[in-house]
Every structure is written in structure tokens, then in C-alpha cells.
Number of protein chains: 2
Amino acid sequence: METPDAITCLSALAHEGRMEVFRLLVRAGPEGLAAGEIAQSTGALSNTLSTNLGILSRAGLVASRRDGRSIIYTAAFGRMRELLAFLMEDCCAGKPEVCAPLAAMVSQPCSAEGSAC
Amino acid sequence: METPDAITCLSALAHEGRMEVFRLLVRAGPEGLAAGEIAQSTGALSNTLSTNLGILSRAGLVASRRDGRSIIYTAAFGRMRELLAFLMEDCCAGKPEVCAPLAAMVSQPCSAEGSAC
DNA sequence: TTGACGACTCTAGAATTCTCGAAATATAGA
DNA sequence: TCTATATTTCGAGAATTCTAGAGTCGTCAA
């Protein structure tokens with residue numbers, strides 16, 4: 001991922017409402033959630049939510065598909081991975097040992113103590 | 001890390017100039033760089049840079065110490081790790097396999113193909 | 001075709017962020 | 001003390017972002 005894309009992704013996530021939406025979609029998994037369901041879960045107005053979904057979508061962090069009258073949004077895990085990889089380059093550039101604890105953490109099964117999952 | 005702190009960190013990094021400064025400091029390592037050196041490297045005006053260093057500092061992403069007339073800034077690796085951990089919780093929540101490629105990537109030595117370092 | 005519904009777009013005002021010139025503060029050396 | 005250097009703080013204008021009301025578009029069912 002190039003720097004301008006990373007900036008766009010970071011800006012998209014640097015907003016409480018959008019972060020909440022993204023986390024919700026991550027938890028929803030590949031099935032995703034309809035815009036209306038997201039609005040209901042978060043209490044956001046539909047037009048405000050639509051704007052924020054558009055920002056996440058333009059950043060590539062969510063994908064959407066139409067299902068009848070609803071539009072279903074899903075988290076774009078691949079894009080998020082790219083963003084994390086970009087940030088890790090910064091975090092441990094020239095200092096691989098710096099990121100080692102993170103790698104260990106994310107390698108653990110979800111049930112383990114200190115797991116990130 | 002709590003959500004509001006993560007938002008603050010993301011906002012701090014979601015800016016081309018501040019991202020450049022942060023990457024510079026990561027590469028500089030624990031010795032850090034004086035504000036003036038950063039200004040020279042990035043071409044930023046001293047007052048603008050000072051504002052941006054203040055934003056990074058308030059987010060906890062850089063630390064500073066005075067050395068004579070200079071103020072030396074260093075990247076706060078621990079804080080960056082916390083931020084990455086926070087984002088990983090989102091990325092692989094309930095889906096540990098999603099983050100596995102990242103873990104593999106960051107586990108590799110810096111010289112390896114596809115290494116993050 | 002009509003009505004209802006779900007979602008998006010348009011628009012404008014409020015709020016925040018960004019940048020930079022000017023001034024202030026802190027330190028070192030003569 | 002006086003001067004020079006390094007950095008921060010102050011203040012204002014420009015630009016961007018945020019939010020929400022109103023209206024529009026697309027889809028479904030009768």
C-alpha cells in the first residue's frame with residue numbers, strides 16, 4: 001500500500017462513528033449487514049451513515065452489494081491487512097525485534113491469554 | 001488501548017506531513033532527531049512542524065527530551081505497538097485466520113521476501 | 001401502475017483542522 | 001548581561017470535515 005492510500009484509510013478510521021461501523025462489520029463477517037441494520041445498531045441517521053459508509057468504501061475498507069431493497073456492507077479484510085502491513089513497516093523498520101511481540105500475539109490462538117482475536 | 005486513544009493516534013497519523021515525521025523518527029531509532037533536523041529533512045516550517053510534533057506527542061506516538069537548545073524527538077514504539085494491537089483486534093476479531101498472513105509476515109527476518117521490516 | 005420502503009445525493013451551516021507570519025520563551029556562549 | 005540559536009505559542013485566514021434536513025432514485029409487492 002502506498003502512503004496516500006494509507007492516509008485515506010487512517011482518516012476513514014479516525015472517526016468514532018466510522019470505527020464503530022467498521023468493527024461491527026468485522027464482527028458480522030462475510031455475510032455483512034444491511035445499511036439499515038447498521039443504522040439501527042449504531043443509532044446513526046441514515047444519511048449521515050450513508051456518508052460515512054461512502055468514506056469507508058472509498059478508502060476500500062468496506063465492500064457493498066445490493067440485495068433487493070437493501071445494500072449489504074462487508075468489511076474488506078484484505079485491505080485492512082494491507083493497512084496493518086503498511087503501519088508495521090513503520091513500526092519495525094530496521095528494528096525487527098520491535099514488532100516481534102505483536103507477531104507472537106497475533107500468532108496465538110484466540111483462546112490464549114493475550115490473544116488479539 | 002481504548003477506542004478514543006486509538007482515534008487520536010489514527011488522526012495524528014492521517015496526515016502526510018506527520019506520517020513523514022513519524023517514519024523518519026522510527027528510522028532514526030532511540031537516538032531520535034532534533035526538531036531542527038526534522039524540519040530540514042522534511043522541508044517543513046519550524047512552527048508548522050512544532051504544531052505537528054505536538055499533535056504526535058499528545059497522541060503519545062513520539063516522546064521528547066531537551067538537549068541544550070535542541071529538543072530531541074523519538075518514536076514511541078510501545079504506543080505504536082498498542083495501536084497495531086488495537087487494529088488487529090478489529091481485523092481478526094472472531095476470525096483468527098484472517099490475521100495469520102500478517103503474523104507470518106512480521107515473523108520473518110528483515111531480509112526475507114515479503115518481510116515487513 | 002401505484003404505494004411503500006431502503007438507501008443515496010444534494011445542500012448549507014457549524015465546527016474543526018491546517019498553515020504561516022509574528023512574537024515569545026528557553027538555552028548557550030561571549 | 002547581551003546576542004544568537006532553537007523551538008514553541010499566539011492569532012488569523014483558508015480549507016476541510018461533519019452533520020442533518022430535504023429531496024431523489026431504485027426495488028418490491030399488490
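No hydrogens, no waters, no symmetry mates; every other heavy atom, side chains included, goes into these values. A note on names: the letters A, B, ... follow the listed sequences, proteins ahead of strands, and every chain is numbered from 1. Since we're looking at a predicted model, the values are computed, not measured.
- Between B/Gln40 atom CD and D/dA6 atom P the separation is 10 Å, expressed in whole Å.
- The B/Thr51 side chain lies nearest to C/dT19 when the options are C/dT9, D/dT19, C/dT19.
- When distances run from any side-chain atom of B/Ser46 to the nucleotides D/dT7, C/dC8, C/dT19, the shortest one goes to D/dT7.
- Formation of a donor-acceptor pair under 3.5 Å by the A/Ser11 side chain with backbone atoms of A/Ile7 is found in this model.
- Counting only heavy atoms from C-beta on, B/Leu45 has its side chain closest to C/dG21 among D/dT9, D/dT8, C/dG21.
- Nearest-nucleotide mapping onto DNA chain C: of A/Asn47 and A/Arg66, the residue sitting toward the 5' end is A/Arg66.
- Rounded to whole Å, the distance from CD1 on A/Ile71 to C1' on D/dT27 is 10 Å.
- At a threshold of 4.5 Å between side-chain heavy atoms, the hydrophobic network of Ile, Leu, Val, Met, Phe, Trp and Tyr places A/Leu83 and B/Leu10 in one connected group.
- The residue A/Ala34 sits close only to the backbone: its heavy atoms come under 4.0 Å of sugar-phosphate atoms, none of a base.
- With rounding to whole Å, B/Arg69 atom CZ is found 10 Å from C/dA30 atom P.
- Across the protein-nucleic acid pair, A/Tyr73 atom OH and C/dA7 atom P stand 9 Å apart, rounded to whole Å.
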Query raised in the report: Going through the checks in order, is the side chain to side chain donor-acceptor pair (under 3.5 Å) test met by B/Thr3 and A/Arg23?
Result: CA-CA 11 Å; B/Thr3 300; A/Arg23 302 186 86 166; 3.2 Å; yes
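- Atom-to-atom, CZ of B/Arg65 to C1' of D/dA6 comes out at 16 Å; the value is rounded to the nearest Å.
- When distances run from any side-chain atom of A/Asn52 to the nucleotides D/dT19, D/dT7, C/dC18, the shortest one goes to D/dT19.
- Of the candidate nucleotides D/dA20, C/dT9, D/dC18, D/dC18 has the atom lying nearest to any side-chain atom of A/Ile55.
- In this structure, the CG atom of A/Leu56 is 16 Å from the P atom of C/dA7, given to the nearest Å.
- Between A/Arg18 and B/Ala35, the one whose closest nucleotide on DNA chain D sits nearer the 5' end is B/Ala35.
- Proximity of A/His15 to the phosphate of D/dT19: a side-chain N or O atom is located under 4.0 Å from OP1 or OP2.
- When atom types are taken as modelled, the side chain of B/Thr8 and the backbone of B/Pro4 share a donor-acceptor pair closer than 3.5 angstrom.
- Atom pair A/Asp67:CG and C/dC5:C1' shows a separation of 14 Å (rounding to whole Å applied).
- A/Ser50 comes within contact range of at least one nucleobase, with a heavy-atom separation under 4.0 Å.
- One atom, CD of B/Glu20, and another, P of C/dC18, lie 15 Å apart when rounded to the nearest Å.
- For A/Ser70 and C/dG6, the shortest distance from a side-chain N or O to OP1 or OP2 is not below 4.0 Å.
- Once rounded to the nearest 0.5 Å, the distance linking OH of A/Tyr73 with CG of A/Leu61 reads 13.5 Å.
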